[in-house]
Amino acid sequence: MRLTSTYLLFGLMFAWAVTVNGQVPGLDTIKQLRGVEVYGDRQVEYQQGLRVDKIDSLGLLISSAGNLATLLGKRTSVYVKDYGQGNLATLAIRGTSSSQSGIFWNGFNLNAPGAGMIDLALIPGFLFDAIQIQPGCAADKPEGGVIGGAVYLGGPSKPATGNELTAGLTLGSFHETLLQLAMRSNYSTSSSKTAFQRMTSRNDFPYKNGNETFNRDHAGLGQYAFLQQIEKRYNNNSRMEAGLWWQQTERDLPPSLTSASQHESRTDRSFRASARWKKTFNEGYFTTGLAWFHDFLHYRQLVADTILVIDSRIFNDALRSESSLRFKLSTDWMLDGGLNLAFNTIEINKFGGYRQQSQGGAFVSVTRSWFRGRLKGNLGGRKEVVEGYHLPFCPSVGLEGRINRQLTTRLNVAGINRIPSMNDRFWQPGGNDQLKPERGMNAEAGVQYTTNILYDNELKIDLAGFYSAIDDWINWKPTTMGYWMAQNEQKVLIRGIETGLNYTVRINKLTLHLSEDLTLLSAVNQHQLNGNDKSWHKQLIYTPATRSNTVARLVFRSLVLEYQHSYTSLSYVTRDNQDYLPGHVLGNAVIRYTLEAGKKISLDFQVEAGNLWNATYQVVQYFPMPGRSYRLVMIARINNKSK
């Protein structure tokens, strides 16, 4: 019944749109899409010397049927540790763990206080109009504990004045059905976005185990998601932003290839709310915000389909506030400062009971400009205060300079620390309340070259080297008592090179875009526990040394052709580097066409082919990934926007 109503709703809107008496499109709708302008994008203002990568607006449209894990995997060189379609997926930036990076929404870190991370497979890409990635870390960030990097989820965007209604239906392989609805509006004093998504999939893809082929079973997924973003602008140069985000996901958890079939399932339910006020004045601005995040996880395990052996409920709650001030001291001097507070609680009915933790931090930075802004330097730092810990002051220095019109350079060095997650400390059995914070330093240096080779052409090349030394790295390892335990046992040295290339050429109605991102990475354990420790001077597990991603896109009038190609080198699955998963090459292709049915209605048709070469591979050992798959995406868009 639900599926029937889904088709009926989309079908009525689609049929009504088709009946409109339109003209053959003469407008280059897709070609003329501009990069999304994001309000309140103050996260990147503090970090002199760090690169910020933005996924372009057309890339977000093409990938809107996927979750954040697939979107980052296809659009960036960031490594995503994926347990299989619809299953757990976590972020790994520059060799760091998932709990060492942050996912920020409206300026607040979404990482749950219990696990210290968030599942990327649970975040629908459709909800957000802007996504930015910032590798590395600066100590003068609005929130501490981010070592590897950050992903910023942005919105609402700033469309042309007026309203836009979007309805989309996606049908895909492995019994995937996706319904998406969105309403955007923008006027002189307010903006808003309302988005809803309903998705179901059996994920019953075929896979090979040895010489035999099986179909993945007990891997179904169902999700509802709703997002409301509003922004109110006032005449006194101030504005209020607020957001509500609710979603619920029901997942069956398939066993690994070496495990007996046990019926495991989990429910993930989240409610997130945030509000922020910003006042702008001649010398700078002041902003303050408050957020509350509630995450509920219910895990169940059945034996023989009827006997419930595990029934675990986990509640994560986080109340967070943050205030900051940017003040222009003079023509060349700028002062930034602020503080944040957080109160975190976790309740686990089966292990450990109720725990809570309070923490806060203050940051300050001074920015100096020289040569009419061609050279900027930043000196800052951050001090964290966390219940039960004594954390040192973390300094940060950044430098950016423009040598000429084509060439810019950058440098950033920062101290870092991260406290253990509440699971690391309190999970029973295995939690360790004697854990020390991870600590160390990050450094990055880079150069960017931009030029116009010919008329209406642009070439951008970026080259960066990065270095991290992290002491007291936290690992979970097996004990003689039969369970795993969290321990500070490693000193990790991370070194690497990142390159990026973007080339765009426009010839009349034709636009060709090519991008290439490459990461070469060494993440090695530098601490030998004893004479039998075979992990000494070995690459960290699930940390491929090479990861590249290439996107080639051709746009002609309302037609888009895109091919995305990625390579991931082998990754070790044992700490002595004796066992590994082989590297893999993936190709994905998209054909998209936009039909203008009048001045206010457009219809998008998109066909996707994933894993085009039908590669057999695993990202996590014994968890197969799907082979070739297809998607048909249909979107109807109605708007009364003015130019």
Inset, instruction - Could you tell me whether the side chains of Asn442 and Ser468 share a donor-acceptor contact shorter than 3.5 Å? - result: yes
Inset, instruction - Step by step, work out the side chain to side chain contact (heavy atoms under 4.5 Å, CB included) result for Leu632 and Gln606. - result: CA-CA 6 Å; Leu632 172 63; Gln606 179 172 304; over 6 Å; no
Legend entry - No-hydrogen, no-angle side-chain donor-acceptor test under 3.5 Å, Ser201 and Asn203: yes
Inset, instruction - Step by step, work out the side chain to side chain donor-acceptor pair (under 3.5 Å) result for Asn475 and Gln490. - result: CA-CA 8 Å; Asn475 268 331; Gln490 286 185 311; 2.5 Å; yes
Legend entry - Electrostatic pair Arg216:Asp204 at N-O distance under 4.0 angstrom: no
Legend entry - Residue pair Arg75 / Ser63, side-chain donor-acceptor N/O under 3.5 Å: yes
Inset, instruction - Begin with the C-alpha distance, continue with both residues' side-chain angles, and end with the deciding distance and a verdict on side chain to side chain contact (heavy atoms under 4.5 Å, CB included) for Ser99 and Arg418. - result: CA-CA 9 Å; Ser99 57; Arg418 186 188 74 89; 3.6 Å; yes
Inset, instruction - Keeping the roles fixed (side chain from Asn209, backbone from Tyr622), state whether a donor-acceptor pair exists under 3.5 Å. - result: no
Inset, instruction - Write down the atom of Asn87, the atom of Arg251, and the distance for their closest heavy-atom approach. - result: C-NH1, 3.4 Å
Inset, instruction - Just say parallel, tilted or perpendicular for the rings of Tyr224 and Trp246, cut-offs at 30° and 60°. - result: tilted
Inset, instruction - Indicate yes or no for a side-chain donor-acceptor contact from Asn67 to the backbone of Thr70 under 3.5 Å, with no hydrogens or angles considered. - result: yes
Inset, instruction - Compute whether any side-chain donor of one residue and acceptor of the other, for Asn186 and Ser191, lie under 3.5 angstrom apart. - result: yes
Inset, instruction - Please examine the side chains of Thr287 and Arg276, heavy atoms only from C-beta on, and report whether any two atoms are closer than 4.5 Å. - result: yes
Inset, instruction - Measure across Asn588 and Gly610 and return the closest heavy-atom pair with its distance rounded to 0.1 Å. - result: OD1-CA, 3.2 Å
Inset, instruction - Taking all non-hydrogen atoms of both residues into account, name the closest pair between Gln85 and Phe174 and its distance. - result: NE2-CD1, 3.5 Å
Inset, instruction - Using a strict 4.0 Å threshold on nitrogen-to-oxygen distance, state whether Asp471 and Lys436 make a salt bridge. - result: no
Inset, instruction - Answer yes or no: is there a donor N or O on one side and an acceptor on the other, between the side chain of Glu438 and the main chain of Ile474, under 3.5 Å? - result: yes
Legend entry - From Arg94 atom CZ to Ser77 atom OG, the distance as rounded to the nearest 0.5 Å: 9.0 Å
Legend entry - Heavy-atom check, side chain of Pro437 versus side chain of Leu391, under 4.5 Å: yes
Legend entry - Trp245 and Trp105 aromatic ring geometry - parallel, tilted or perpendicular at 30°/60° bounds: perpendicular
Legend entry - Aromatic ring proximity, centroids under 6.0 angstrom, Phe104 and Tyr152: yes
Inset, instruction - Would you confirm whether Asn432, through its side chain, and Gln434, through its main-chain N or O, come within 3.5 Å as a donor-acceptor pair? - result: yes
Inset, instruction - Run the salt-bridge test on Lys278 and Glu241 with the 4.0 Å N-O cut-off and return the result as yes or no. - result: no
Inset, instruction - Could you tell me whether the side chains of Ser323 and Thr288 share a donor-acceptor contact shorter than 3.5 Å? - result: yes
Legend entry - Glu387 and Tyr389 side chains, donor-acceptor separation under 3.5 Å: no
Inset, instruction - Without swapping roles, check the side chain of Gln223 against the backbone of Leu122 for a donor-acceptor pair under 3.5 Å. - result: yes
Inset, instruction - Measure the CG-CG distance between Asp82 and Leu120 for me, rounded to the nearest 0.5 Å. - result: 9.0 Å
Legend entry - Which atom of Ala225 lies closest to which atom of Leu127, heavy atoms considered: CB-CD1, 4.4 Å
Legend entry - CZ on Phe126 to CD on Gln197, rounded to 0.5 Å: 7.0 Å
Legend entry - Side-chain donor or acceptor of Glu250 paired with backbone N/O of Thr267 under 3.5 Å: no
Legend entry - Non-hydrogen side-chain atoms of Arg239 and Glu231 separated by less than 4.5 Å: yes
Inset, instruction - Kindly assign one of parallel, tilted or perpendicular to the pair Phe296 and His298, based on the angle between their ring planes and the thresholds 30° and 60°. - result: tilted
Inset, instruction - With the side chain counted from C-beta on, respond yes when Leu60 and Ile131 share a heavy-atom pair under 4.5 Å apart, and no when they do not. - result: yes
Legend entry - Flag, side chain of Gln132 to backbone of Leu153, donor-acceptor distance under 3.5 Å: no
Inset, instruction - Verify, without hydrogens or angle tests, whether Asn488 (side chain) and Asp472 (backbone) share a donor-acceptor contact under 3.5 angstrom. - result: yes
Legend entry - Student check: side-chain heavy atoms of Pro544 and Thr568 closer than 4.5 Å: yes
Legend entry - Ser566 to Asn549 - nearest heavy-atom pair and separation: CB-OD1, 3.7 Å
Legend entry - Pairwise distance CD1(Ile346) to CZ(Arg425) - rounded to 0.5 angstrom: 11.5 Å
Inset, instruction - Report yes or no: do Asp295 and Ser270 form a side-chain donor-acceptor pair below 3.5 Å? - result: yes
Inset, instruction - Identify the heavy atoms of Arg547 and Thr76 that sit nearest to each other, and give their distance. - result: NH2-O, 3.6 Å
Inset, instruction - Working to the nearest 0.5 Å, report the span between CG of Leu290 and CD of Glu322. - result: 11.0 Å
Legend entry - side chain to side chain contact (heavy atoms under 4.5 Å, CB included) between Trp476 and Asp424, intermediate numbers included: CA-CA 8 Å; Trp476 283 74; Asp424 292 334; 2.8 Å; yes
Inset, instruction - Classify the angle between the aromatic ring planes of Phe623 and Tyr83 as parallel (below 30°), tilted (30 to 60°) or perpendicular (above 60°). - result: perpendicular
Inset, instruction - Could you check Glu264 against Arg266 for salt bridge (charged side-chain N to carboxylate O under 4.0 Å, His left out), going step by step and ending with a plain yes or no? - result: CA-CA 7 Å; Glu264 299 174 89; Arg266 61 181 279 179; over 6 Å; no
Legend entry - N-O pairing of Glu347 and Arg355 below 4.0 Å: no
Legend entry - Side-chain heavy atoms of Thr543 within contact of Tyr79, under 4.5 Å: no
Inset, instruction - Look at the side chain of Ser421 and the backbone N and O of Gly114, then say whether any donor-acceptor pair between them is shorter than 3.5 Å. - result: yes
Inset, instruction - Enter the distance from Leu581:CG to Tyr617:OH here, rounded to the nearest 0.5 Å. - result: 12.0 Å
Legend entry - Any side-chain heavy-atom pair of Asn344 and Gln359 under 4.5 Å: yes
Legend entry - Asp311/Arg300 salt bridge by N-O under 4.0 Å criterion: no
Inset, instruction - Let me see the working for Ile541 and Thr574 under side chain to side chain contact (heavy atoms under 4.5 Å, CB included), right down to the final yes or no. - result: CA-CA 6 Å; Ile541 62 172; Thr574 56; 5.5 Å; no
Inset, instruction - Determine, for Arg575 against Glu489, whether the closest basic-nitrogen to carboxylate-oxygen distance falls under 4.0 angstrom. - result: yes
Legend entry - Side chains of Asn106 and Gln229 in contact at under 4.5 Å (non-hydrogen atoms): yes
